[in-house]
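Note on naming: letters A, B, ... go to the chains in the order of the sequence lines (proteins, then strands), and numbering restarts at 1 for each one. None of the values given here were measured: they were computed from a predicted structure.
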Number of protein chains: 2
Amino acid sequence: MKENIHQHIFNEYAQGIQAGRITPGTKLPSENELMKSYSTSRETVRKALNLLMQHGYIQKLKGKGSYVLDMGRMNFPITGLTSFKEMSGKIGRASHTHVHTTHNIEAPPAVVEALQLEPGAPVCEVIRVREIDNERVILDKDYFLPAIVGRLTAEIAAGSIYEYLEQVLKLVISYAKKEISVEVATIEDRELLDLHGLSHVVVVRNFVYLEDTTLFQYTESRHRLDKFQFVDFARRMP
Amino acid sequence: MKENIHQHIFNEYAQGIQAGRITPGTKLPSENELMKSYSTSRETVRKALNLLMQHGYIQKLKGKGSYVLDMGRMNFPITGLTSFKEMSGKIGRASHTHVHTTHNIEAPPAVVEALQLEPGAPVCEVIRVREIDNERVILDKDYFLPAIVGRLTAEIAAGSIYEYLEQVLKLVISYAKKEISVEVATIEDRELLDLHGLSHVVVVRNFVYLEDTTLFQYTESRHRLDKFQFVDFARRMP
DNA sequence: TAGTGGTCTAGACCACCCA
DNA sequence: GGGTGGTCTAGACCACTAG
């Protein structure tokens, strides 16, 4: 499992808070106490506590201690890099994915720009429609570099592509940039989604990078307006 | 003043990257070299580098080194807790704020819920309209606890309320939770904004907390659809 | 093998909070 | 004054990357 000490401490408390075993307002043991009870050094304890703080689980107060926030059990944290499959599990709604197309094509202009390709370069395009409560509300258009992912099958696309990339291809996803905007619905949006006459869709553009800083995926996630929500937790930087 | 060593190192590189003096792809000095050139310890250097990494300025590669990303100069980082005033400066567009109302009122139901108040409790309401390129595109509705902010004047509201709170009242803002969704425009939206017939607005709900974990402000920022953009940088968590 | 970043240790001094 | 978190130090061992 290769679990670090500080990650181990973080996990224990993060899970405890998320499961409600540790209630908001509770004071955590001091760094000195944690140090003893985990038989480790203070800096290691502090790494764990800082992780908990950065994730919004606790608040640290100089001279007082660390206190549990009630933000940890926050409604659906769509923040970060959470994928549709992880998310739909959390919200516990009837959801279903329909794979519309999976093929290698010449990159369309928008994708050439997004992935910084040569005009006419090949990309692997995967178009999926997400259904929640029997309504088609999300259109996902993914573009991968064939040199890296090879050819994706429909079966893979039906599940979690991230799971496949990380566990089978052993690719390590490192970071991503997201852009959220609202745009006029295209003809494709109208055909593949149940828009009920809504004129706009929320577009989430996602640029995904690997550990070696290679940009390897571009995703356009097109959501029906009324089914879109994004939650963000932010700390004030000094 | 009072600048930590690791914050100092962070600032030097962050500014260098943002100003373009350090170009993307550049390899940073190794931790050992930085340690010597700043006459400090390695853990301190690492704190600075981790900050740079968390902010998307660099990528660290085991066994190789730290490399500058081209994400640091990212377009309008509305992520985090950036306020309108800070932002409008960055995008460099003609912008103007019109203070519509500033008064203490009984909290409306939605605000009672958001700030967890007793029904009928007083709140300080500030309604402002943001103009960009001579179009009224953002409606900001702020609600503060009068016990903390007292009475805000129109002059203060015309500038940056955050500046006033932090520099005059010495309040320390610690963290915030944001929720982004799209909703049907209200009558008030139609009156105060130039919606050009658009039926929906993007609503950003902001819950702001102080250092002692007090929730003290609730903000509703209502944006015209086509003028809304949100950029997010996320790292994959282990 | 030499250099890199990732983790950990056992101390230290400081500023802050509260009794 | 005793406890708390914030910062820093000078070592150590490991896993990874490279030539």
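Within the cation-pi definition used here (under 6.0 Å to the ring centroid, within 45° of the axis), A:Lys177 qualifies as a partner of A:Phe207.
Scanning for salt bridge (charged side-chain N to carboxylate O under 4.0 Å, His left out) contacts around B:Lys64 gives an empty result, with sequence neighbours left out. Remark: B:Tyr209 engages B:Tyr175 in a ring pair (Phe, Tyr, Trp, His ring centres under 6.0 Å) (not counting sequence neighbours). For B:Lys141, the salt bridge (charged side-chain N to carboxylate O under 4.0 Å, His left out) criterion is met by B:Glu188, not counting sequence neighbours. A:Glu125 pairs by the salt bridge (charged side-chain N to carboxylate O under 4.0 Å, His left out) definition with nothing, not counting sequence neighbours.
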*Strand DNA chain D as a dot-bracket string - pairs counted if Watson-Crick or G-U with both distances under 3.5 Å, | where the partner lies in another strand*: ||||||||||||||||||.
_Base versus backbone protein contacts along nucleotides 3-9 of chain C [heavy-atom cut-off under 4.0 Å; B, S, -]_ = BBBBBBB
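The aromatic ring centres of B:His55 and B:Phe10 sit less than 6.0 Å apart.
Rounded to whole Å, the distance from CE on A:Met35 to C1' on D:dG5 is 13 Å. Taking atom NZ of residue B:Lys36 and atom P of nucleotide D:dA10, one finds them 14 Å apart after rounding to whole Å.
The closest side-chain heavy-atom distance from B:Thr102 to B:Val99 is below 4.5 Å.
Side-chain contact, B:Glu179 with B:Ser181: no donor N or O sits under 3.5 Å from an acceptor N or O.
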